[in-house]
Amino acid sequence: MSSYQTLPGFRDFYPEDLAVRRFIFDRWREVAGRYGFQEYDGPPLEPLELYTDKSGPEIVKQLYAFTDKGNREVALRPEMTPTLARMVGAHAGGMRKPIRWFSLPQLFRYERQQRGRLREHFQLNLDIIGEAGVAADAELLAAAIDVLRAFDLTDQDFVARVSDRGLLGALFLHEGVPESRLEVVFNIVDKLERESREELERRLREEAELEPAVVGRVLDVFEERDWESIRSRYAGTEAVAPRIEALEGLFSRMDAMGMARFVRFDLSVVRGLAYYTGIVWELFDARGELRAIAGGGRYDTLLERLSGTDLPALGFGMGDVVLRELLIDRALIPEVEEVPDYYLVAVTPDQQPTLLSVAQRLRADGNRVEYALRDQSVGKQFKNAAAVGARRTLVLGPDEVAAGEAVVREMSSGEESRLSLDGLALA
RNA sequence: GUGGGCGUAGCUCAGUCGGUUAGAGCGCCAGGUUGUGGCCCUGGAGGUCGCCGGUUCAAUUCCGGUCGCUCACCCCA
């Protein structure tokens, strides 16, 4: 056992692991491309202020941060959105809107690892910038759903829980929450599933400093929170109606795209990050065994705050760790075929020059070719060929070479035939 | 940062009520097989029993600490 191990929460990718990673990346890129997104990237190391300044206090606590040799406070990027905001902000004037960009950054976070959550992961990020209408929200959510469908996951496997901070905010204001307390109240009701009603009431009273009557009304909002109830209760309320209309627009678009069955309205989805402003959603596995597979939403004010460029924006992130667990759990990761097309066998060392020449010609033609790197018995070479899963062996012995031929053996059937070495490049 | 569980071969795990050279299966290497693979047989390599300390004549075993893994909390990409 080596005395060197990976740092806690970091992963080695052995070939079979990297094959899975590539499988995931390939599909991510494929779906992003189908939706017209262009790939970009930024530096993995950023100035600390990029995260401490504006992202909300939650994210700054667990950064991989240090001082570099130039005495700069830096951090390994924990998320991509600030980098994206900077990049777009710097060139926004010259870019046609809406901007559709995606990225596959490796992100870092200094915290104790647990299931589905390491100190490092790769995350698909899709963002649309410069479009305020709900059509963009529908497009983004559809892309996220199609990403999972590209892995052969179905509505039996996952569901999108959709909410709207705008709606929730309007409801809270309607029920008497002061505007200055909204953010605090969001953070408290985000725990709706995990904390007792008594605890929530206490926090709403003490941390959000709400009147007792308002506390009750805030929690009552969640009593009947299915879409029909919310709509019938508040559609006539002036301050709330526009948000209801927006969500209605999202749902009807999802329906028109044939994705209604993946979408569930759920008012309790708030998202922890402070910068979300509108429709927010999370993708969960249908069995509820894993943490969220993906999450995203609107952050219409972030670009203005980070880059000074006032553009509406929305995006989502999907990590590779939870997705990988889900795919393994559902047996949806295919065996990757990285086997040689040819394994070349030299009967005696005399055939080595011919073998090398043949190998190079086959390789030049795009074939995957291997052969033993030391002199071995024919039996041994065949063992190797079988062990690496070669489709065919090509046997070069004194007789064959003298005749300018080779014996080709199909490893699955054992069928053999002779082949002219001259014609090899055509094989 | 807090709490629970677990650390024996590359992997999955036995085992040791404290006692001499710590085992199995799989995998790996070699041979049986110097012109043909998968099966089979034989042999081999590979372990400071996570690390440090304590108790003891003796610790892989008991105790403490520590590190790591893991699950949950906190928090959330």
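Naming: A, B, ... by sequence-line order, numbering from 1 per chain.
One C1' atom belongs to U8(B), the other to C69(B), and the distance between them is 15 Å to the nearest Å. A24(B) and U20(B): their C1' atoms are spaced 22 Å apart (whole Å). As rounded to the nearest Å, U61(B) and C6(B) have P atoms that lie 15 Å from one another. Comparing G15(B) with A9(B), their P atoms sit 15 Å apart, to the nearest whole Å. Rounded to whole Å, the C1' atom of G68(B) lies 24 Å from the corresponding atom of C76(B). Distance check on atom P: U36(B) versus C51(B) gives 48 Å, rounded to whole Å. Rounded to the nearest Å, the gap between the P atom of A59(B) and that of G18(B) is 13 Å. On the C1' atoms, G25(B) is 24 Å away from G37(B), given to the nearest whole Å.
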Item checked: Step-by-step ring pair (Phe, Tyr, Trp, His ring centres under 6.0 Å) determination, Tyr343(A) to Phe382(A) -> CA-CA 8 Å; Tyr343(A) 194 98; Phe382(A) 267 88; 8.3 Å; no
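Nucleic acid contact for Glu400(A): base, since at least one base atom lies under 4.0 Å from a heavy atom of the residue. Here Val395(A) lies in heavy-atom contact (under 4.0 Å) with a base. Using a 4.0 Å heavy-atom cutoff across all strands shown, Gly317(A) reaches no nucleic acid atom at all. Here Gly414(A) lies in heavy-atom contact (under 4.0 Å) with a base. Note on Gln381(A): nothing from the nucleic acid sits closer than 4.0 angstrom, heavy atoms only.
Judged by a 6.0 Å distance limit and a 45° cone about the ring axis, Arg29(A) is not positioned over the six-membered ring of Phe102(A). The cationic atom of Arg165(A) (NZ for Lys, CZ for Arg) lies less than 6.0 Å from the six-membered ring centre of Phe186(A) and within 45° of the ring axis. For the pair Arg109(A) and Tyr64(A), the cation-pi criterion (under 6.0 Å, within 45° of the ring axis) is not fulfilled.
What separates CD of Glu370(A) from C1' of G37(B) is a distance of 15 Å, to the nearest Å. Atom pair Arg291(A):CZ and C75(B):P shows a separation of 12 Å (rounding to whole Å applied). Computed from coordinates, the Tyr110(A) OH to C74(B) C1' distance equals 16 Å when rounded to whole Å. Rounded to a whole Å, the CZ atom of Arg391(A) is 17 Å from the C1' atom of G37(B). Rounded to an integer number of Å, the gap from Asp190(A) CG to C76(B) P is 7 Å. If you take CG of Leu63(A) and P of C75(B), they are 17 Å apart, rounded to a whole angstrom.
A donor-acceptor contact under 3.5 Å is formed by the side chain of Glu416(A) with the base of U36(B). Not a single donor-acceptor pair, N or O on each side, falls under 3.5 Å between the base of G1(B) and the side chain of Arg112(A).
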Sub-3.5 Å pairs of nitrogen or oxygen atoms, protein against nucleotides 28-32 of chain B:
unit_1 : atom_1 : unit_2    : atom_2 : d
A30(B) : OP1    : Arg374(A) : NH2    : 3.0
A30(B) : OP2    : Lys380(A) : NZ     : 2.7

Next item on the list: Any chance you could encode RNA chain B as dot-bracket? Rule is Watson-Crick or G-U wobble with both distances under 3.5 Å; [ ] for pairs crossing earlier ones, | for another strand.
Entry: (((((((..((((.....[...)))).(((((.......))))).....(((((..]....))))))))))))....
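Side-chain atoms of Glu207(A) and Asn187(A) form no donor-acceptor pair, as typed in the model, at a separation below 3.5 Å. Looking at Thr348(A) and Gln351(A), their side chains do bring a donor and an acceptor atom within 3.5 Å of each other. Side-chain contact check for Glu405(A) and Ser420(A): no donor-acceptor pair (N or O, by modelled atom type) lies under 3.5 Å. When only modelled atom types and interatomic distance are considered, Glu46(A) and Thr83(A) share a side-chain donor-acceptor pair under 3.5 Å. Judged purely by distance below 3.5 Å, without hydrogens or angles, the side chains of Gln114(A) and Arg117(A) never pair a donor atom with an acceptor atom. A side-chain donor from one of Tyr299(A) and Asp127(A) sits under 3.5 Å from a side-chain acceptor of the other.
Residues of residues 7-19 of chain A having a heavy atom closer than 4.0 Å to RNA chain B, listed by number: Pro8(A), Gly9(A).
For the ring-ring contact (aromatic ring centres under 6.0 Å, His included) with Phe158(A), the lone residue among Phe151(A), Phe262(A), Phe284(A) that qualifies is Phe262(A).
Glu410(A) and Arg391(A) are not joined by a salt bridge, as no carboxylate oxygen comes within less than 4.0 angstrom of a charged side-chain nitrogen.
Nearest-nucleotide assignment on RNA chain B puts the 5′-proximal partner with Phe382(A), out of Asn125(A) and Phe382(A).
Heavy-atom minimum distance, Tyr371(A) versus Leu355(A): CG-CD2, 3.5 Å.
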